[in-house]
2 protein chains.
Amino acid sequence: MKTKQTDLADSLMERGYRMTPQRELMLSLLGGSDKHLSADKLLMGVRKVYPRVNKSVVYRNLELLTELGLVSCVDFGNGRVEYEVHRHPHHHHLVCRNCRHTIMINSDTFAELQKQLSDHYHFIADMDHLALFGLCHACQTKAQAQQGHHPHPL
Amino acid sequence: MKTKQTDLADSLMERGYRMTPQRELMLSLLGGSDKHLSADKLLMGVRKVYPRVNKSVVYRNLELLTELGLVSCVDFGNGRVEYEVHRHPHHHHLVCRNCRHTIMINSDTFAELQKQLSDHYHFIADMDHLALFGLCHACQTKAQAQQGHHPHPL
DNA sequence: GCCATTAATGCAACTAGTTGCAAAAGCAAC
DNA sequence: GTTGCTTTTGCAACTAGTTGCATTAATGGC
């Protein structure tokens with residue numbers, strides 16, 4: 001059975017990059033996790049096997065893998081940036097700015113916007129793994145209930 | 001004549017915050033510039049008058065002013081974050097990931113998306129000063145012309 | 001104008017991420 | 001296996017931004 005990591009490794013090699021133990025492990029950690037991983041968590045994981053791996057390697061490899069489209073990077077705001085193997089293409093995240101809850105949505109919702117940007121501005125938007133901020137339903141309700149009780153606004 | 005800075009100062013005071021010389025200067029620099037300012041440029045400007053002002057003050061005040069809706073913050077990616085007085089509400093930026101050129105567009109284009117997110121997911125998206133990445137017209141043309149000549153992809 | 005309260009400032013130490021460079025490792029040709 | 005070329009790594013120094021804390025200063029009540 002051909003594993004996902006092997007697929008990823010092949011994609012690297014085909015484009016003239018080298019497969020190193022560090023990269024192999026990074027891909028395996030990312031591929032083995034169905035959720036997002038922060039650069040730091042990934043570094044911790046890599047260091048369990050190769051304790052001397054430097055953070056610059058993790059950052060450089062994440063950048064490369066993102067460029068190659070093997071990994072995608074979601075910026076959740078507040079300095080929270082996470083990476084995932086690019087396996088569920090074209091989904092986006094709605095991030096509540098209050099409770100940080102995130103909703104995953106597919107990209108159909110964005111198709112019309114993308115068309116308009118292309119028609120009106122000749123701009124091809126990267127519509128992948130966008131994170132939009134706002135207020136989720138629960139926090140809207142909370143905000144209404146507490147209206148006027150904040151010394152500092154939300 | 002009431003200046004723009006005075007308006008901003010009033011907004012601060014009304015909400016129980018204090019007007020300090022540092023804040024006054026920051027607001028005047030932001031208000032006097034019709035373009036965006038990075039935190040660092042703003043710090044430089046403030047230090048021309050008060051050389052001992054610390055960067056933490058600039059960052060904290062930018063955060064406060066953003067929370068209060070007096071200033072808005074645009075993340076252009078690649079670590080480029082800039083601030084502007086919230087004077088042209090509801091515009092967005094299309095940022096070319098190749099040449100970094102930015103196009104300013106108004107928010108009408110996003111109204112339909114906003115409605116769909118609200119209807120389908122009960123999510124009220126913050127649709128202000130969004131920055132979307134992609135390829136501008138010029139870079140699309142360039143990319144087509146050079147297709148196949150990149151050892152490393154764009 | 002003076003005093004108490006509380007917010008804002010300056011500082012130092014910190015985190016996340018980036019960069020330049022020398023050393024090491026991968027790969028291909030012989 | 002050795003040689004040579006190129007990529008990748010580890011390191012150290014750096015930038016941008018954040019945080020805790022003691023000191024300073026703006027504001028309101030007298």
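Proteins get letters first, then strands, A, B, ... in listed order; numbering begins at 1 in each.
The minimum heavy-atom distance between A:K55 and A:R47, with the atom names listed, is N-NH2, 4.0 Å. Residue A:G45 comes nearest to A:L25 through the heavy atom pair O-CD2, 4.5 Å, listed as atom of the first residue, atom of the second, then distance. Between A:R15 and A:L70 the shortest heavy-atom distance is NH2-CD2, 4.2 Å. Contact detail for B:L135 and B:Q140: the closest heavy-atom pair is O-NE2, 2.8 Å.
By the ring-ring contact (aromatic ring centres under 6.0 Å, His included) test, B:H137 pairs with A:H122, sequence neighbours left out.
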### Message
Let's go through B:N54 and B:S56 carefully: what are the C-alpha distance in whole Å and the side-chain angles of both, what is the deciding distance for side chain to side chain donor-acceptor pair (under 3.5 Å) to 0.1 Å, and is it a yes or a no?
### Response
CA-CA 5 Å; B:N54 195 270; B:S56 63; 3.0 Å; yes
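Rounded to a whole Å, the CG atom of A:L62 is 14 Å from the P atom of D:dT8. What separates CG of A:L65 from P of D:dT8 is a distance of 10 Å, to the nearest Å. As a whole-Å value, the separation of B:R52 CZ from D:dT24 P is 11 Å. Between the CG atom of B:N61 and the P atom of D:dT18 there is a distance of 13 Å, rounded to whole Å. Atom-to-atom, CG of B:L12 to P of D:dT27 comes out at 10 Å; the value is rounded to the nearest Å. Taking atom NZ on A:K41 and atom C1' on C:dG17, their separation rounds to 17 Å, with Å as the unit. Regarding A:R15, its CZ atom lies at a distance of 16 Å from the P atom of D:dT7, rounded to whole Å.
Contact between the side-chain N/O atoms of B:Y59 and the OP1/OP2 oxygens of D:dG17 is found at a separation under 4.0 Å.
Across the interface with DNA chain D, nearest-nucleotide mapping of B:K55 and A:K55 shows A:K55 to be the residue nearer the 5′ end. Nearest-nucleotide mapping onto DNA chain D: of B:Y83 and B:Q22, the residue sitting toward the 5' end is B:Y83.
When each of B:V49, B:V58, B:V53 is checked for a side chain to side chain contact (heavy atoms under 4.5 Å, CB included) with B:Q22, only B:V53 meets the rule.
Considering only side-chain atoms of B:R23, the nucleotide from D:dA16, C:dT9, D:dG10 that sits closest is C:dT9.
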### Summary of protein contacts for nucleotides 19-30 of chain C, nucleotide by nucleotide, where a base hit scores B, a sugar-phosphate-only hit scores S (4.0 Å, heavy atoms)
BBB---BBS---
